[in-house]
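Structure record follows, encoded as structure tokens.
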Amino acid sequence: MPLRVYNTMSGEKEVFKPIEEGKVGMYACGPTVYDVCHIGHARATTVFDVIVRYLRYSGFDVTYVRNITDIDDKIIKKANEEKVLWSEIAERFTKEFWEDMSALGNLPPSIEPKATEYIPNMHKLIQTLIDKGFAYAIEGDVYFAVRKFASYGRLSKRNMDELISGSRVEVDERKKDPLDFALWKSSKPGEPWWDSPWGKGRPGWHIECSAMTMKNLGQTFDIHGGGKDLIFPHHENEIAQSEAATGKTFARYWLHNGFVTINHEKMAKSLGNFFTIKEVLKVYHPEVLRFFLLTTHYRNPIDYSDAALNDAKTGITKFYSTFKRVDEASSELNSATRNPQSEFEREAFENFKGLSGKIEEAMDDDFNTALAIGYLFDALKTVNRLCDDGCYFTMSYGRGVVAEIGKNILGLFTATPEGFFGTEAAKAALEISEDEIKRMIDERAEAKRSKEFKRADDIRGSLLKKGIILEDGPKGTTWKVKG
RNA sequence: GGCGGCGUAGCCAAGUGGUAAGGCAGAGGUCUGCAAAACCUCUAUUCAUCGGUUCAAAUCCGAUCGCCGCCUCCA
């Protein structure tokens, strides 16, 4: 089955066919680095990370470009507030962004251009637009004349007259038309500036993306992504200025992720209802957040709450618990027979072999990670049952298949069970030594043997108070740190 | 006001023409001295409401109600 993606431009799922067979040029709008990132940023980058992973898994050679907007009004404002250079703000929050991305397990893009590195490219593009009559300069500012671009509004499905009547924008008197947007802004005193044919100034917001995509991916490229809130005006403007300049289609597939909401309202700085990635990662393992983000289809809104995160934690913990369980049975594995012992085991083996195909089917349908994770849960249950039945070889095979798929396509299960459960760190934080725990387990076993169950339960209770959970199994008692 | 989208079990969430995945929570069971974990079974005659098209609709069409987003910076 071919890969189908929902294209905002057509409003439909379309079969994905890249310009050049086997190759994909993809651009996703990155952050404006003026503050730390919140969960909304985490979703956007994680969604496109998974899309890139899946495209690569499917055999495409993907050039993934994600920009950093390192000059902007908000960066300047923040710099003024802190009385530091704008570049210091940009550098600080670029680093913060990289830290967050790395923690979340998002792969770095192939190319990560910064707006300020593309000033000459922007100048060239703006000049072309002026030459072609799509842009005009007034007192050091350059504006794009939206009315000159006939198909304006195609992506966001609105027409120019409606935009004006519904506009809440203060009309800038220097613009010829209220819809026109700035390509180049003259600098006010004290603001950072670059020389340009129109005087000292800095780039408008939209032009950087056009300059960076053209340089790195060509005038026409395959996929352009971003949050739904960028459809208008940002992406609409990118299309207008790019296609006006080149006369060619800009991006062929437009992919947009839905919002993270809180109480069903958009998470946003301006509403003050946001959680930063770093805040969340203080409480939850990064893969809990990643798992949470991927259990809903990327175009739908996803509501953030403690309950939802705890559900996600329970979910991914099930996977790691099973992995741990399988890994600990490795001694039995050595003596295990490779031959299926039952009809169930034979079926399980076949299901594991077919699992990647089912996951691919789900992912081919507009990257349905929610469905894919559902299949992984099915497989997980089978692994546990094989474990119960002592079918070590097939169980181990299933564990491998589940972990591999999760890792390669979803970027999950990249930790070891020990690492995920934070066992080492948690052990270090305990107020009781491992030897002492072992001694108490032995003592309890002795109590159990002599049927002194009250004493046995007391020992288990006192360990629980210290954060140790005991679990009796057929091979004796194991312990773990309470999570 | 214009445009776009959503409404599926107690909660979360797939499914967009062929008779409701999965997870959490809950109930019962297996195992256990008891727990825990794991497994098994059960939990929506029904997909906001009302009409229509069709042999067949959660899925398509129309209307109504409710919610959200964009139209200003925003992932």
Side-chain angles (χ1 to χ4, degrees), chain A residues 8 11 13 28-32 34-35 37-48 72-74 77 153 156-159 161-170 179 205 225-234 236 256-261 263-271 274 291-292 295-297 299-303 305 307-308 310-316 318 321-322 324-325 358 362 365 368-378 380-389 447-449 451-454 456-457 460-461 464 469-474 477-478 480:
Chain A
T8 306
K13 283 183 199 169
C29 287
T32 300
Y34 74 102
D35 206 344
C37 291
H38 58 65
I39 307 304
H41 299 102
R43 185 180 198 193
T45 45
T46 302
V47 159
F48 289 105
D72 153 272
D73 288 355
K74 281 174 292 196
K77 183 164 173 263
S156 55
K157 284 147 190 85
R158 45 192 96 194
N159 69 53
D161 297 324
E162 281 164 355
L163 278 169
I164 289 177
S165 63
S167 178
R168 287 181 279 161
V169 179
E170 279 180 50
L179 291 180
W205 175 32
K228 273 194 159 113
D229 46 358
L230 297 181
I231 296 172
F232 190 90
H234 184 51
E236 199 69 72
H256 292 100
N257 65 276
F259 298 128
V260 177
T261 60
N263 294 323
H264 305 288
E265 282 192 342
K266 181 182 171 182
M267 180 183 287
K269 285 267 165 62
S270 52
L271 293 171
F274 62 92
F291 187 84
F292 164 70
T295 44
T296 296
H297 184 92
R299 282 191 284 119
N300 291 339
I302 186 167
D303 205 54
S305 66
N310 281 324
D311 272 7
K313 183 182 175 182
T314 306
I316 193 156
K318 275 184 81 152
S321 297
T322 300
K324 183 165 175 253
R325 188 182 179 199
K358 287 182 81 171
D365 186 13
N368 195 337
T369 55
L371 183 58
I373 287 172
Y375 291 146
L376 292 180
F377 268 114
D378 289 338
L380 190 73
K381 187 179 280 191
T382 306
V383 172
N384 272 316
R385 179 151 166 206
L386 292 166
C387 206
D388 285 350
D389 293 354
K448 279 172 69 177
R449 261 195 297 279
K451 304 250 189 271
E452 296 173 61
F453 296 123
K454 173 76 172 66
D457 288 349
R460 185 167 61 191
L464 183 62
I469 294 170
L470 297 188
E471 290 181 0
D472 294 340
T477 301
T478 58
K480 67 181 182 189

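Note that the structure is a prediction, hence the values are computed from the model and not measured. Chain naming here is simple, since letters A, B, ... match the order of the sequence lines and numbering starts at 1 in each.
The same atom, C1', is picked in B:C50 and in B:G7; the two are 16 Å apart, to the nearest Å. For B:C67 and B:G26, the C1' atoms lie 28 Å apart once the distance is rounded to whole Å. Between the P atoms of B:G5 and B:C61, the separation comes to 11 Å (whole Å). Separating the P atom of B:G69 from that of B:A63 is a span of 24 Å, rounded to the nearest Å. A distance of about 9 Å separates the C1' atoms of B:U8 and B:A13, rounded to the whole Å. Across B:C3 and B:G10, the matching P atoms stand 36 Å from one another, rounded to whole Å. Taking atom P on both nucleotides, B:C47 is separated from B:A36 by 37 Å, rounded to a whole Å. B:A57 and B:A48 are spaced 16 Å apart, taking the C1' atom of each and rounding to whole Å.
Taking the side chain of A:R158 as heavy atoms from C-beta on, and the options B:G22, B:C70, B:A38, the nearest nucleotide is B:C70. You'll find that the side chain of A:F453 is closest to B:G33, out of B:C70, B:A21, B:G33. Out of B:A14, B:A38, B:A37, the shortest distance to the side chain of A:N368 is found at B:A14. Closest to the side chain of A:K381, out of B:A21, B:C24, B:C40, is B:C40. Of the listed nucleotides (B:G4, B:U16, B:A14), B:G4 has the atom at the smallest distance from the side chain of A:K157. Considering only the side chain of A:T32, B:A75 comes nearest among B:A75, B:C73, B:A36. Here B:G69 is the nucleotide among B:A36, B:G69, B:G33 with the atom lying nearest to any side-chain atom of A:K266. Nearest to the side chain of A:E265, among B:G69, B:G33, B:A14, sits B:G69. The A:D472 side chain lies nearest to B:C34 when the options are B:G22, B:A75, B:C34. Among the nucleotides B:A75, B:C70, B:C39, the one closest to the side chain of A:F232 is B:C70.
Residue A:F48 is classed as having no contact, given no heavy-atom separation below 4.0 Å to the nucleic acid. No contact: A:I302 has no heavy atom under 4.0 Å from any strand. Among the protein residues, A:L371 comes within range of the nucleic acid bases, having at least one heavy atom under 4.0 Å from a base atom. Base engagement by A:V260 is indicated by at least one non-hydrogen atom pair under 4.0 Å involving a base atom. The residue A:G226 sits close only to the backbone: its heavy atoms come under 4.0 Å of sugar-phosphate atoms, none of a base. Residue-level contact check: A:K269 touches neither bases nor backbone, having no heavy atom under 4.0 Å from any strand. Counting non-hydrogen atoms under 4.0 angstrom, A:S156 reaches the backbone sugars and phosphates but no base. Residue contacts shown for A:G225 are absent, as no nucleic acid heavy atom lies under 4.0 Å away.
The base of B:G2 is not paired with the side chain of A:N159 by any donor and acceptor separated by under 3.5 Å. Judged by distance alone, with hydrogens and angles left aside, A:D311 brings no side-chain donor or acceptor close enough to the base of B:C11 to form a pair under 3.5 Å. A donor-acceptor contact under 3.5 Å is formed by the side chain of A:R460 with the base of B:A35.
At a threshold of 4.0 Å, the pair A:D472-A:K448 counts as salt-bridged, since one of the basic side-chain nitrogens sits closer than that to a carboxylate oxygen. Contact check on A:R460 versus A:D457 returns a salt bridge, with a Lys/Arg side-chain nitrogen under 4.0 Å from an Asp/Glu carboxylate oxygen.
Between the CD1 atom in A:I373 and the CG atom in A:L380 there is a gap of 12.0 Å [rounded to 0.5 Å]. Here the straight-line distance linking atom OH of A:Y375 with atom CG of A:N368 works out to 8.5 Å at 0.5 Å rounding. The NE2 atom of A:H38 sits 5.0 Å away from the NZ atom of A:K269 when rounded to the nearest 0.5 Å. Atom NE2 of A:H256 is separated from atom CZ of A:F48 by 7.0 Å, given to the nearest 0.5 angstrom.
Here B:G2 presents its C1' atom at 15 Å from CD of A:E236, a figure rounded to the nearest Å. Put simply, CG on A:D388 is 14 Å from C1' on B:A36, counting in whole angstrom units. Atom NZ of A:K324 and atom P of B:A38 are 12 Å apart (whole Å). Rounded to a whole Å, the NE2 atom of A:H234 is 16 Å from the P atom of B:C70.
For the pair A:T314 and A:R385, both in contact range of RNA chain B, the more 5′-proximal nearest nucleotide belongs to A:T314. Mapping A:K74 and A:H297 onto RNA chain B by nearest heavy atom places A:H297 closer to the 5' end of the strand.
Between A:N300 and the phosphate of B:A14, there is a side-chain N or O to OP1/OP2 separation shorter than 4.0 Å. Neither OP1 nor OP2 of B:A36 sits under 4.0 Å from any side-chain N or O of A:K480. Applying the 4.0 Å criterion to OP1 and OP2 of B:C24, one finds that A:K318 has a side-chain N or O inside that range.
Pairs of Watson-Crick or G-U wobble type, with distances under 3.5 Å, assemble into runs of 3 or more in RNA chain B at these ranges: B:1-7 with B:65-71, B:10-12 with B:22-24, B:26-30 with B:38-42, B:48-52 with B:60-64.
Counting only heavy atoms from C-beta outward, the side chains of A:D72 and A:K74 approach each other to under 4.5 Å. Between A:I302 and A:M267 there is no side-chain heavy-atom pair separated by less than 4.5 Å. A 4.5 Å side-chain heavy-atom check between A:R325 and A:N384 finds at least one atom pair inside the cut-off.
The aromatic rings of A:F291 and A:F377 sit perpendicular, their planes meeting at an angle over 60°, well past the 30° parallel limit.
Within 6.0 Å of NZ in A:K13 there are more than 12 heavy atoms belonging to other residues, nucleotides or ligands.
Remark: ring of A:F377 does not overlap the six-membered base ring of B:G22 in a stacked fashion, as centroids less than 5.5 Å apart with planes less than 30° apart are not both met.
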